[in-house]
Amino acid sequence: MFSTITSGAIYGINSYLTQVEVDTAQGLPGFDMVGFLGNEVKEARERVRVALKNAGLNLPAMRITVNISPANIRKDGTAFDLPIAIGILVSMNILPADSVKDILFLGELGLSGEVKFVRGVLPIVMEAKKYGITKFIVPCDNRREGAVIHNVEVMGVRDVSQTILYLKADYETRRKLLQQAETEEKMQDEIIVPGQKNIEDFNEINGQESVKRAALVSAAGFHHILMIGPPGSGKTMIAKAIPSILPPLTMEESLEVSKIYSVSGMLSAREAIIKKRPFLNPHHTITENALAGGGRIPKPGVISLAHRGVLFLDELPEFRRSTLDILRQPLEDKKVQIARNYGNYTYPADFILVGAMNPCPCGYYPDPNKCRCTPFEVKRYMNRVSGPILDRIDICTEAPKIDIKNLTENRINETSQQMRNKVMEARERQDFRFQNTGIMFNSQMGPKEIKNYCSLGLKEQAILERAFSKMNLSARGYHRIIKVARTIADLEKEDTIKSIHLSEAICYRNNDQKYWC
Amino acid sequence: MEINEETNNEKSCKQSDKQQEMLSYGYWLHNIPGVGNKTILELLEQIGNEKDIFEASEKKLQPFITSRQLKAFELSRKNWKPEEEYKKLAKRNISFVAITNPNYPKKLSNIPDAPYGIYVKGKLPKDEIPSVAIVGARTCSEYGRYMAAQFAASLAFSNIQVISGMARGIDGIGQRAALEAGGSTFGVMGSGVDVCYPEENILLYQNIIKSRKGGIISEFPPGTDPKPSFFPMRNRIISGLADVILVIEAKEKSGTLITVDMALEQGREVYALPGRVSDELSFGCNRLIKQGAGIAISPEDFIQELFMVSTSDIKGRNKTGRKQNFSTLENIILQSLELGPESLDSIFHKIISSETMEAREYTLPQIIEGLMELCIKGIVMQENGSYIIIQHTV
């Protein structure tokens with residue numbers, strides 16, 4: 001007999017629906033699977049056979065053929081185990097064909113018959129909903145992830161027997177089972193309270209006022225920022241606190257980010273959706289593939305996991321140069337395209353790049369009393385960060401050696417919440433300004449927008465010109481200064497860029513001038 | 001390397017044929033492997049002029065040189081055609097000057113262990129014009145950088161020749177500033193005159209030759225690559241060519257101090273630029289001062305004290321001492337910078353924790369604006385994260 005089950009698969013961070021077709025027929029007993037399948041999918045044969053056996057259901061001595069359509073797209077992953085098993089059960093007449101109608105199945109099987117966590121439930125549920133599918137059966141660990149989407153019914157199952165029980169039940173019993181699963185989940189929540197992760201707050205950081213200010217500007221205009229300073233000056237602490245002043249994720253953004261995490265299998269059973277801005281802090285030994293996304297079937301890399309959040313690269317020059325240069329295109333396009341045998345994959349990568357570095361190998365340059373590096377060593381160290389990357393960093397700030405007085409002082413610092421409010425106000429101004437332009441932040445302005453939105457008065461123009469001639473600023477810094485000045489003006493609730501804003505922006509540019517001249 | 005330079009050394013043109021001939025033999029003598037400065041001087045004393053040595057028999061030479069040297073002598077005498085080689089050298093715009101030649105700098109010939117011959121690309125320093133060697137650390141601070149440039153420029157304005165080693169840091173900065181001020185400056189190399197080391201100073205190297213006022217000098221034959229052991233030797237020429245040595249910045253154990261030792265041996269005057277006692281880069285200088293070196297407190301003072309040139313003669317300098325109008329905030333910022341370089345953060349802290357109520361009101365952006373204004377005016381400068389006053393106001 002023939003049966004078909006709806007399932008889904010992921011492609012990049014997008015997904016598509018698939019039909020799992022199962023046929024059982026008289027003939028030489030066997031189990032064949034077709035449909036351009038990856039190795040994990042092919043192995044489903046053994047998992048399904050044993051899982052069903054251990055659930056008390058032996059496969060019949062018949063010729064079983066499974067096809068997963070569309071058969072021209074390569075399929076990977078283990079989420080087809082459950083639909084295949086259900087398809088076999090339907091074609092064996094153990095389950096009525098009606099019972100699986102309009103339900104989408106996803107799940108990996110263990111040999112004992114249990115249903116295990118799979119990747120990509122969220123994007124598949126989102127996609128399926130577009131096609132009018134509202135009922136889903138997924139592993140119980142993925143239930144919440146699916147249930148994030150409104151107006152869909154997501155049942156989480158633990159094992160094959162439970163799935164059969166659910167499918168055999170009538171409408172009322174199904175409702176009951178569903179509710180039961182939900183209450184069980186809630187009870188678990190009560191037992192294990194998700195540990196509130198300690199995020200850094202800006203009020204814990206004493207001193208470094210100028211760096212904090214730069215961080216505020218960076219967050220307000222989504223400018224990439226680089227902090228240079230000796231070890232122990234608080235660069236890392238400030239970087240870690242930056243997510244706390246970014247506006248909270250909107251629902252739309254949150255789904256976008258969650259999709260990426262879902263595809264990477266990084267959503268935990270309890271955390272169905274990413275509500276906090278991501279903060280990614282890869283170690284400097286990271287490879288190109290891990291950063292941009294890689295593998296035969298590319299998974300999202302760190303830059304995509306940092307989408308809508310902060311990518312913090314500590315000890316910037318310690319990263320391999322080739323790895324850093326990977327960032328060039330994503331910093332420009334806000335996405336990364338990876339081409340592979342089986343197609344092109346595009347992952348979003350819109351993040352604030354926060355870099356931190358020492359000014360020289362020993363870390364203390366230009367303090368002549370401590371630094372033992374030769375000028376050549378310093379130059380070589382700085383040159384590990386390539387010009388094109390620097391070109392895309394709008395704000396460069398100096399984190400000086402911190403004074404012991406600052407640490408012991410009991411000062412009331414601005415809290416992250418206060419700073420966040422300022423950021424949000426500045427963002428509102430930007431939203432208003434860039435209505436219908438496709439731009440969201442000041443940092444994304446091109447020369448045309450700069451001309452439109454950042455007109456300078458005569459006095460300001462004069463300051464800029466004088467600064468350029470006196471301070472040896474490079475021409476490439478010109479637009480960056482204006483963009484940053486625009487953000488500063490937004491923070492100060494000013495409609496026009498005043499000289500005070502311009503001066504501050506110049507100050508942020510002036511810094512890297514010294515190091516990379 | 002395409003350099004627009006003089007096609008022929010004027011001095012060598014004026015020289016008599018006899019002197020030219022001697023120089024060509026001297027060039028040969030200076031290029032025999034294994035025969036050093038001392039041997040050459042000894043031979044000159046015992047046998048006669050360069051030509052005599054070239055034509056001297058083995059027997060005549062034997063008492064003064066080792067057998068190995070003798071072999072080298074024979075070999076090079078066979079293969080070396082003095083006149084041709086000398087012409088080749090002239091074609092490359094390099095001139096050779098031997099101690100026996102009247103063009104050889106008098107100041108240099110007076111030092112112990114004076115080099116028998118030196119190679120020059122460009123000009124030689126003039127004997128009648130005073131010259132100052134500006135030396136200092138390769139790794140220098142912004143203060144040192146600024147001061148080296150100031151002193152060099154003032155010396156150039158006063159028509160004083162600036163001698164240095166063209167090294168990284170103070171040396172190169174001083175020479176660059178002297179060139180920019182239109183003065184004449186001479187780079188003494190630790191390699192052949194046609195080898196620019198460090199490579200990053202190639203522009204300076206070319207500009208010195210182009211300026212037609214200065215030159216590149218070395219005692220090492222053209223094509224010689226720099227070696228660590230060459231630099232102390234070079235240093236004796238730096239101090240030898242100069243009347244006064246000015247040390248800008250030096251750590252306690254610095255190569256610069258070798259130059260100073262040589263200068264003292266040669267009887268040159270040594271001046272040092274004082275620095276803060278806590279700055280390691282000024283240890284060497286401060287120690288020299290303690291030991292009795294002259295104190296260079298300002299370019300004008302330095303020049304006047306040494307060469308009796310009054311400051312009014314120094315053209316082109318008008319910056320220092322000019323009264324400027326500053327806003328209240330700018331004055332407050334300048335005050336906070338009075339004790340030395342400060343980072344933006346500490347300037348901010350100093351101001352908001354100061355005693356006057358008015359000052360405490362300033363916000364960080366306001367202070368940044370004032371600071372940038374001062375930077376643009378050229379009063380304050382950023383030195384890798386800290387700001388320093390580079391121009392003291394009255």
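Each chain gets a letter, A, B and so on, in the order the sequences are listed, and its residues count up from 1.
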_Minimal non-hydrogen separation, Met166(B) against Ile216(B), with atom names_ = SD-CD1, 4.0 Å
*Non-hydrogen atoms of chain A under 4.5 Å away: do they reach the side chain of Ser346(B), the backbone, both or neither?*
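For Ser346(B), there is no contact with chain A at all, as no heavy atom is under 4.5 Å.
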*asked:* Let's test your reading of the structure: which of Gln366(B), Arg138(B), Glu369(B), Glu373(B) forms the most heavy-atom pairs below 4.5 Å with chain A?
replied: Glu369(B)
*Looking at Ile367(B), Ile368(B), Asp345(B), which one has more heavy-atom pairs under 4.5 Å with chain A than the rest?*
Asp345(B)
*asked:* What verdict does the side chain to side chain contact (heavy atoms under 4.5 Å, CB included) test give for Phe312(A) and Asp314(A), after you've listed the backbone C-alpha separation in whole Å, the side-chain angles of each residue and the deciding distance to 0.1 Å?
replied: CA-CA 6 Å; Phe312(A) 175 45; Asp314(A) 205 353; 3.6 Å; yes
*Beyond-backbone contact of His223(A) with Val484(A), side-chain heavy atoms, under 4.5 angstrom*: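 In contact.
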_Under the criterion side chain to side chain contact (heavy atoms under 4.5 Å, CB included), I'd like the reasoning laid out for Leu353(A) against Ile393(A): C-alpha separation, chi angles, the key distance, then a yes or no._
CA-CA 8 Å; Leu353(A) 175 67; Ile393(A) 296 175; 4.2 Å; yes
*What part of Ile463(A) lies closer than 4.5 angstrom to a heavy atom of chain B: side chain, backbone, both or neither?*
both
*Return the option, out of Gly207(A), Cys373(A), Ala399(A), Ser210(A), with the maximum number of heavy-atom pairs under 4.5 Å with chain B.*
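Option with the top pair count is Ser210(A).
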*Please identify each residue that fulfils side-chain contact (heavy atoms from CB on, under 4.5 Å) with Glu180(B), with sequence neighbours left out.*
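Only Arg176(B) meet the side-chain contact (heavy atoms from CB on, under 4.5 Å) criterion with Glu180(B).
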